[in-house]
Amino acid sequence: MRLSRSPAARATISFLTLIFASGKADAQQIWNDARSTALVERATERRASQIADTALVDYKATAHGYVTFLAQFGEGFPEPPKIVKADELGLEVYWRAPDLSKQRIMGRRDTLLLPTDINYHRDHLGIVQNNFRNIIRLGEGDEVKDVPHPLSAAGLQAYDFAIRDSLQIRLGDRTLDVYEVRVRPKDDRQPRAVGAVYIDRESGEVVRMAFSFTRAALIDKELEDVSVVLENALIEGRFWLPRRQEIEIRRTGSWLDYPARGIIRGRWEICCYEVNVPIDPGLFTGPEIVMAPAAERQANPFPFSGRVLDSLPPDVRAVTDADVRKVQDEARALVREAALARTRSFALSARHVSDIVRFNRVEGLALGTGFLQRIGGGLSVAASGRFGFSDEELKGRGALEYTTGAGSRLALAAERQYRDASDEQETSLVRNTLAAQEFGSDYTDPHDVNSLSLSGQLARIGWQPSFELAWEQHDSLSVHAQPANGRFEPTIPALPLHEIRLTLGLDRPTALTFGGYELGTRLSASGIWRQNKTSGAGGSFFRPAITLDLQKPFGSSRLVLHSVAAGLFGGADTVPAQHLVYFGGPTTGPGYNFHELAGRGGLSQRVEYRFLAPFFPIPLGRFGRAPATITLAPFANAVWIDRSPAFKESRQGWYPSVGLGALTVFDVLRFDVARGLRDGRWTFGVDVGRDFWSVL
């Protein structure tokens, strides 16, 4: 009998079909009580007996899925990951008693958005049958190995169980009672699973599994965590068989504490079951997951629709799917943080490539490094330093940091740094290093800052609030370096002062919002009390700032809007140069000189439309081939500035400009030409794509 996607066949424990009956967790959860123990023992027996169940001889089904490789950058990983490679797959799935499984790939297509030579483990290209075997493995044993299944004979001895909630699933005129049972290891130092299983109270069948793993279970030491969600559907009113599956594998480097992360996501939908149909036993010989012969794939192509990226589910682009995030949060609640955390206690540290080497007009060539020493319990000591060979000065930072498993942070830090007065970074620091060294074009305005600060950030909510309370000493800097060609402009005349500053921030990582727009927001407001070092005169003022990124895709094209605004309120007429608002340059004021638009308040608004145009493909060796297209990006920009300072040429009002950008080699390189329309000029530039600035 062939089952279509009827309501009964589609019924799962997902949020779309789940209705809370009691909606009420036990007031005092009791581990290994009689009720919980009896339920999991029955589920274990049922899971074992299903293999020998003569009513279910075999079945075949169809699976449609995506395996995506994503990259995430920046300290604290504030933005959603970028898709590097996406594979779409169509499978024929076969199962035969007692426990034979075969999956044939009938269709596979991929798209490459950044150069990579990644190859997936074979089991990432198929689904999980029978809710895993009694010993759980992932990545063909290279990622997770030899973990006892919670609902196995060994699992009953290795785990604690507790019923947390009573739920109901309604299937037409039938109602199923389901218990959510939390699972934690008795010894979290061993390779174990952590999470929850959802069990039908009447039959003892597994309806859903959602779990992560202890650190000891992760064979690859570069893994951060592995999360698994398996959902089953009730087929023919009797058999709970795979319906929906998600696996997320997150990995970072093991030797350098650097803000870059690789993520593999597998997402599958299984449907169209045919139960107890004759299947040739010879089909199950050889590897479980294979590519079907080319002739068969050509004769019976899998019905893909549209382009790979157009068909990707929206939550694949999210930081972490809601179900997977819940698995990670539950794991942290069930076991010690040390049982999930990476074991390395010491690592070299760099927040940006330019923390290691850079060049600018003040320091000349500057080399630096840092380290991070984890103490335990979420505490760590971080230190970094940099020495400039032209100014012959040492800059550095030392901090005591506390980080929760969810990513919230609190830090007490002392540092000396050369802080850039810019509200918005005009170029990548790598591009700035090359341009400053070769052509005397330094697009930073640094001033000297010594500070003692207490800062914190709250993670794991839609908006991320933060604060910083700092006591600081400011001073001006001088040009010390010499470029290979040209000359450097002088630095800003920063006012020597003592300052107490309280800054409150509110960040919203880029996410889907109204009308299909993707919105990212950064809000900050600083209350500043300052005292002049020389005259002793003091004053206070308020400085708010906002940055908005708003994007809307239209097929392969994209509308991009970028807004930056800041202002100063209160205080005397003379405002320290380091607190003014600065615009002008490739990002905030194309077609105008670097920071020539400065004042007590200002706004920069860019409107850009990106679309594909034919271009010749660029071979990249083993990393693939850049597509035979180029992204063209005509744009218009306008800057409004108010009350320029005495050391700048007087500017007031609106300063518009127009230009054209071109992004190539997977949009990693960007070329720009622009013209300022009010006392402006032609400007030309080349840089790395803005998505990568956070690590450069």
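- Side-chain contact check for Val144 versus Ile219: every heavy-atom pair is 4.5 Å or farther apart.
- Smallest separation of non-hydrogen atoms from Ser408 and Leu458: OG-CD1, 3.4 Å.
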| said: Evaluate Val194 against Phe213 for side-chain contact (heavy atoms from CB on, under 4.5 Å), listing each step before the verdict. | reply: CA-CA 6 Å; Val194 186; Phe213 297 94; over 6 Å; no
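- The side-chain tip of Arg35 does not point at the ring of Phe161 from less than 6.0 angstrom away and within 45° of straight on.
- With rounding to the nearest 0.5 angstrom, the CG atom of Asp200 is 11.5 Å from the CG atom of Leu167.
- Classified by interplanar angle (parallel below 30°, tilted 30° to 60°, perpendicular above 60°), the ring pair Trp95/Tyr59 is parallel.
- Residues Thr513 and Glu518 fail the side-chain proximity criterion, which asks for heavy atoms closer than 4.5 Å.
- Between the Thr510 side chain and the Leu519 main chain, no donor and acceptor come within less than 3.5 Å of each other.
- We find the CG-CG distance between Asp160 and Asn32 to be 4.5 Å, quoted to the nearest 0.5 Å.
- A salt bridge links Glu143 with Arg251: at least one charged nitrogen is closer than 4.0 Å to a carboxylate oxygen.
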Margin query: Checking Phe69 against Ile263 for the side-chain contact (heavy atoms from CB on, under 4.5 Å) test, could you report, in this order, the C-alpha distance in whole Å, the side-chain angles of both residues, the deciding distance, and whether it holds?
Written below: CA-CA 6 Å; Phe69 175 61; Ile263 303 170; over 6 Å; no
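- For the pair His149/Met209, a side-chain contact is recorded, criterion being any heavy-atom separation below 4.5 Å from C-beta on.
- In terms of heavy-atom proximity, Thr44 sits nearest to Ala153 at CG2-N, 4.2 Å.
- Not one N or O on the side chain of Gln72 forms a donor-acceptor pair closer than 3.5 Å with the backbone of Gly262.
- Within the structure, every pair that satisfies the salt bridge (charged side-chain N to carboxylate O under 4.0 Å, His left out) test and touches residues 121-136, not counting sequence neighbours, is listed here: Asp99-Arg133.
- Closest non-hydrogen pair, Arg47 versus Asn130, comes out as NH2-O, 3.7 Å.
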### Task
Take Glu269 and Arg243 through the salt bridge (Lys or Arg N to Asp or Glu O under 4.0 Å) test and state the conclusion after the steps.
CA-CA 6 Å; Glu269 301 282 343; Arg243 170 65 181 94; 2.5 Å; yes
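- In this structure Glu92 satisfies the side-chain contact (heavy atoms from CB on, under 4.5 Å) test together with Tyr94, Arg104, Met106, sequence neighbours excluded.
- A salt bridge is defined here as a Lys NZ or Arg NE, NH1 or NH2 lying under 4.0 Å from an Asp or Glu carboxylate O, and Arg261 with Glu224 meets this definition.
- A distance-only check finds a donor-acceptor pair linking the side chain of Arg42 to the backbone of Glu202 [under 3.5 Å].
- Using a 4.5 Å cut-off on side-chain heavy atoms (C-beta onward), Val178 and Arg208 make no contact.
- The side chain to side chain donor-acceptor pair (under 3.5 Å) with Asp507 is formed by just one residue from the set Arg522, Gln457, Gln464; it is Arg522.
- The side-chain tip of Arg184 points at the ring of Trp31 from less than 6.0 angstrom away and within 45° of straight on.
- Counting only distance, with no hydrogens or angles, the side chain of Tyr159 and the backbone of Ala193 share a donor-acceptor pair below 3.5 Å.
- Taking both residues in full, the closest heavy atoms of Leu372 and Ala382 are given as CD1-CB, 3.7 Å, listed atom of the first, atom of the second, then distance.
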>> Is there a salt bridge (Lys or Arg N to Asp or Glu O under 4.0 Å) between Arg108 and Asp110? Walk through the geometry before answering.
In response: CA-CA 7 Å; Arg108 181 178 182 180; Asp110 62 44; 5.3 Å; no
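- Residue Leu125 comes nearest to Tyr120 through the heavy atom pair CD2-CD1, 4.1 Å, listed as atom of the first residue, atom of the second, then distance.
- Between Phe239 and Leu234 the shortest side-chain heavy-atom distance does not fall below 4.5 Å.
- Side-chain contact between Trp268 and Leu91: present, with at least one pair of heavy atoms (C-beta onward) separated by less than 4.5 Å.
- Between Ala399 and Ala413 the shortest heavy-atom distance is CB-CB, 3.8 Å.
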Could you walk me through whether His64 and Leu89 pass the side-chain contact (heavy atoms from CB on, under 4.5 Å) check? CA-CA 6 Å; His64 177 217; Leu89 298 107; over 6 Å; no
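- Going from atom CD1 of Ile264 over to atom CG of Leu138 covers 11.0 Å, rounded to the nearest 0.5 Å.
- For the pair Asn232 and Asn131, the minimum side-chain heavy-atom distance is below 4.5 Å.
- Salt bridge present: Glu248 and Arg265 bring a charged side-chain N and a carboxylate O closer than 4.0 Å.
- The distance from the NE2 atom of His121 to the CD1 atom of Ile249 is 7.5 Å, given to the nearest 0.5 Å.
- With respect to the salt-bridge test (charged N to carboxylate O, under 4.0 angstrom), the residues Asp58 and Lys60 do not qualify.
- Counting only heavy atoms from C-beta outward, the side chains of Leu39 and Glu41 never approach each other to under 4.5 Å.
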